[in-house]
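Only one structure is covered here, and it is reproduced in the block below.
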Amino acid sequence: MKIPLLKLAHARSGDKGDTANVGIIALKPEYYEILKEKVTVEKVKAHYGDMVKGKIERFEMPNIGAINFLLHNALGGGGTLTLKHDAQGKTYSTSFLRMEIEVDDNLQID
Amino acid sequence: MKKYIRIASGQGYWGDRFDAPLDQVKEGPIDYLVMDYLAEVTMSIMQKQKSRDPNLGYAKDFIPLMKQLLPLLVEKKVKLITNAGGVNPVGCMIAVRNIAEQMGYSGLKIAAVYGDDILNQLDPLIASGNEMKNMETGEPLQKIRRTVSSANVYFGARPVVKALEQGAQIIVTGRVTDTGISLAPMIHEFGWEWDDWNKLAAGVIGGHINECGAQASGGNFLAGWKEVPRMERIGFPIVEAYPDGSLIITKHESLGGLVSERTVKEQLVYELGNPAEYITPDVVADFTSIRLEQEAENRVRVYDIKGYPDTEFYKVSISYFDGYTCIGQLTYAWPEALEKAQKADDIIRKRIEYLGLTFDDIHTEYLGYNACHGSTAPPIKDPNEVVFLIGVRGHDKQMMQKFANEIVPLVLTGPPTVTGFGGGRPRVRDVIAYWPALLKKDTVSPKVLTIEVV
């Protein structure tokens with residue numbers, strides 16, 4: 001079945017210049033393996049399309065069940081240059097969690 | 001040596017909830033209060049204020065706050081460390097001293113940490129081969145040298161530790177890192193060595209958890225914001241630090257908020273780059289080593305932290321003038337609100353062309369439709385209202401003003417059922433851009449001045 005990441009993870013996002021960072025965190029320890037397998041750079045690239053103009057970096061943090069993503073050139077110039085309403089990328093956390101992933105039909109979800 | 005010390009966050013940024021620091025001192029035991037005031041843009045504003053009046057250039061509202069805070073700090077023997085000093089820490093220290101004198105706190109020691117402001121040393125630094133290349137673009141600072149409005153080195157915990165050693169109870173600094181102001185008390189109290197990388201990294205991670213105020217204790221908490229108690233009196237985080245480099249993240253029980261593994265994890269990933277290399281002036285901290293454990297309600301243990309030697313560079317925060325922005329907005333109501341807003345966008349863009357205006361960037365968003373989530377948001381059928389936002393960026397102020405004049409006329413000349421123009425013409429704003437660079441550590445040295453109230 002297909003489910004949005006929102007069912008498996010929480011997240012927080014912020015900015016560093018024109019780069020948005022999104023840290024996605026497994027809601028249960030067993031979900032981390034699913035995130036690790038399914039949420040690839042290619043998948044994130046396809047999800048955001050033109051919204052992210054630069055490269056995407058991905059860093060695993062198994063110690064806290066999280067993956068940190070850096071979305072380069074995603075904030076319209078960033079900082080004080082940007083014309084975007086969400087200048088600091090604060091809402092990238094939940095746009096990220098809209099991503100749909102394929103999981104086992106028997107997966108237990110609260 | 002104390003068994004542990006409690007370091008409380010009083011402010012996540014300049015403009016945060018004003019009574020949070022007062023509550024942190026009043027509502028339970030703490031040893032240190034740390035308050036972060038500085039962002040890149042802030043330094044530029046403060047530099048402008050200092051150029052008009054050499055006594056200014058620090059966070060002005062820190063002084064009235066100190067009138068309320070100082071009696072509490074003295075009574076409870078709490079030490080305060082803050083970077084409210086901005087581009088004039090000595091001036092800030094003197095202003096605090098004046099208040100303390102009026103209130104009769106003789107014997108109180110106040111310190112200023114400075115030497116981070118290198119605005120007047122830029123030319124000699126460049127001349128002696130420090131290019132201060134932009135870390136993102138690789139261009140040398142010389143390219144924008146004429147438009148620079150502030151330049152500050154990020155110092156770490158070292159000068160703050162020195163001020164603590166001199167017996168200061170109140171320490172106002174210039175550009176000291178947000179993490180350094182939490183790390184310094186741990187080094188001072190526990191006598192940690194400057195090459196005990198794991199412990200220094202623990203202090204930095206404690207600082208990262210403290211630096212955004214309530215963001216670690218239930219604010220902006222995605223995984224359960226509805227369950228956070230009493231957000232109207234949210235308790236800011238407290239880092240209880242132990243000599244072995246482990247931490248307990250907690251808050252005062254009498255206040256609202258929530259400290260859980262989840263709230264701490266969300267703050268850990270906030271504004272994070274490569275988690276294995278969190279670079280600070282004192283140590284490179286490894287966020288992939290951190291272990292968390294909920295020890296009791298509102299108490300999360302953070303331990304097993306690893307760190308690595310610091311680099312040979314300071315980061316430098318340079319701000320410079322880089323043109324203007326102007327963002328106009330109008331609200332369109334049902335029916336066909338989105339179509340009306342899109343028509344307005346089409347008209348404005350044709351007017352820009354007709355008037356011969358050129359800009360570096362033109363950007364349109366439809367607030368209430370997909371301004372936040374862009375193409376990841378599903379379409380909404382016939383929304384009740386849509387806010388049309390159109391912004392431009394450029395370097396020609398006259399063209400910017402002509403654009404600003406084009407928004408309100410749409411009310412009578414464009415699509416119907418439009419409102420939300422109460423503010424009149426949108427403002428043309430200066431862009432103060434940010435130039436991140438590196439500077440060899442041996443080219444600048446921090447200074448500490450401690451004075452005693454008579």
Side-chain angles (χ1 to χ4, degrees), chain A residues 4 6 9-27 47-52 54 57-70 72-74 76-100, chain B residues 40-41 44 135-136 212 215 220-224 261-262 264-276 286-292 304 319 322-323 325-327 329 360-365 367 371-378 387 389-393 429-434 436:
Chain A
L6 187 68
H10 58 124
R12 179 168 291 173
S13 58
D15 68 319
K16 278 248 186 288
D18 197 20
T19 301
N21 105 286
V22 189
I24 63 166
I25 307 156
L27 284 166
H47 178 66
Y48 278 115
D50 284 348
M51 286 174 70
V52 179
E57 293 182 276
R58 177 184 186 275
F59 302 97
E60 293 178 1
M61 302 174 75
N63 56 319
I64 59 165
I67 307 176
N68 187 40
F69 286 89
L70 295 182
H72 292 269
N73 307 105
T80 49
L81 286 170
T82 185
L83 301 170
K84 282 174 77 74
H85 184 63
D86 184 15
Q88 286 90 22
K90 299 269 186 193
T91 67
Y92 262 99
S93 56
T94 51
S95 66
F96 199 108
L97 297 179
R98 283 179 183 275
M99 185 190 302
E100 299 232 315
Chain B
E40 283 78 32
V41 187
S44 167
M135 289 168 72
E136 280 161 24
C212 297
Q215 259 206 156
N220 189 24
F221 176 45
L222 187 62
E261 281 191 36
R262 285 178 175 181
V264 173
K265 282 179 185 174
E266 284 195 19
Q267 178 54 22
L268 283 177
V269 298
Y270 182 64
E271 289 186 346
L272 188 60
N274 178 352
D286 181 359
F287 276 50
T288 66
S289 66
I290 306 168
R291 315 254 298 187
L292 298 181
D304 249 9
S319 64
D322 193 16
T325 58
C326 181
I327 300 174
Q329 73 168 67
D360 300 338
D361 193 13
I362 307 176
H363 182 71
T364 304
E365 288 179 346
L367 192 58
C372 291
H373 285 184
S375 58
T376 69
V387 177
L389 292 173
I390 183 163
V392 296
R393 185 173 68 237
R429 294 170 189 274
D430 289 0
V431 173
I432 304 300
Y434 171 55

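These figures come from a predicted structure and were not determined experimentally. Order of the sequence lines fixes the chain letters, A, B, ..., with proteins taken first and strands second; residue numbering starts at 1 for each chain.
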Picking from Leu81(A), Thr82(A), Leu27(A), which has the most non-hydrogen pairs under 4.5 angstrom with chain B? Leu81(A)
Note: vs chain A, highest number of non-hydrogen pairs under 4.5 angstrom among Asp322(B), Leu367(B), Leu389(B) is Leu367(B)
Portion of Tyr48(A) that has a non-hydrogen atom of chain B nearer than 4.5 angstrom: both
Any chance you could measure Asn274(B), atom CG, to Phe59(A), atom CZ, to the nearest 0.5 Å? 4.0 Å
With side-chain contact (heavy atoms from CB on, under 4.5 Å) as the criterion, how do Leu268(B) and Ile25(A) come out once you've worked through the C-alpha distance, each side chain's angles and the decisive distance to 0.1 Å? CA-CA 10 Å; Leu268(B) 283 177; Ile25(A) 307 156; over 6 Å; no
Are any side-chain N or O atoms of Arg393(B) and backbone N or O atoms of Val431(B), one a donor and one an acceptor, separated by less than 3.5 Å? no
Measuring heavy-atom distances to chain A, does Arg262(B) have an atom under 4.5 Å in its side chain, in its backbone, in both, or in neither? both
Within the distance-only criterion (no hydrogens, no angle test), does the side chain of Asn21(A) pair as donor or acceptor with the backbone N or O of Tyr270(B) below 3.5 angstrom? no
Distance-minimising heavy-atom pair for Thr288(B) and Ala276(B): CG2-N, 4.2 Å
With respect to chain A, which residue among Thr364(B), Asp361(B), Leu292(B) yields the maximal number of heavy-atom pairs within a distance under 4.5 Å? Asp361(B)
Does the Glu266(B) side chain pair with the main chain of Leu222(B), one donor and one acceptor, at a distance under 3.5 Å? yes
Counting only non-hydrogen atoms closer than 4.5 Å, does Asp15(A) touch chain B with its backbone (N, CA, C, O), its side chain (CB onward), both, or neither? both
Output the option from Arg98(A), Met61(A), Met99(A), His85(A) having the highest count of non-hydrogen pairs under 4.5 Å with chain B. Arg98(A)
Closest non-hydrogen atom pair between Leu97(A) and Ala9(A), with its separation: CD1-O, 3.6 Å
When Glu261(B), Arg291(B), Gln267(B) are compared by non-hydrogen pairs under 4.5 Å with chain A, the top option: Gln267(B)
Partner chain A: residue of Ile390(B), Val269(B), Thr376(B) with the largest heavy-atom pair count (under 4.5 Å): Thr376(B)
Which answer fits Ala377(B), side chain, backbone, both or neither, if we ask what part of it has an atom under 4.5 Å from a heavy atom of chain A? both
Winner by heavy-atom pair count (cut-off under 4.5 Å) against chain A, out of Glu365(B), Glu271(B), His363(B): Glu271(B)
Quick one: which of Asp304(B), Asn220(B), Asp430(B) has the most heavy-atom pairs under 4.5 Å with chain A, could you say? Asn220(B)
Residue from Thr94(A), Thr19(A), Asn63(A) scoring the most non-hydrogen pairs under 4.5 Å with chain B is Asn63(A)
Is it the backbone or the side chain of Val392(B) that comes under 4.5 Å from a heavy atom of chain A, or both, or neither? backbone
Just so I understand: if I count every heavy-atom pair under 4.5 Å between each of Ala11(A), Ser93(A), Ser13(A), Ala20(A) and chain B, which residue has the most? Ala11(A)
Please verify the inter-ring angle class for His10(A) with Phe221(B); under 30° counts as parallel, over 60° as perpendicular, anything in between as tilted. perpendicular
Scored by heavy-atom pairs under 4.5 Å with chain B, the best of Lys84(A), Gln88(A), His72(A), His47(A) is Lys84(A)
Atom group of Leu70(A) that falls short of 4.5 Å from chain B, counting heavy atoms: side chain
Measure the spacing between NZ of Lys265(B) and CZ of Arg12(A) and express it to the nearest 0.5 Å. 13.5 Å
Heavy-atom cut-off 4.5 Å, strictly under: side chain, backbone, both or neither for Asp360(B) against chain A? neither
At a heavy-atom separation under 4.5 Å, does Leu272(B) approach chain A through its side chain, its backbone, both, or neither? both
Which bit of Pro378(B) is near chain A, if near means a heavy-atom gap under 4.5 Å: side chain, backbone, both or neither? both
Between CG on residue Asn68(A) and CZ on residue Arg58(A), distance to nearest 0.5 Å: 11.0 Å
Under 4.5 Å heavy-atom distance to chain B, tell me which part of Glu57(A) shows up: side chain, backbone, both or neither. neither
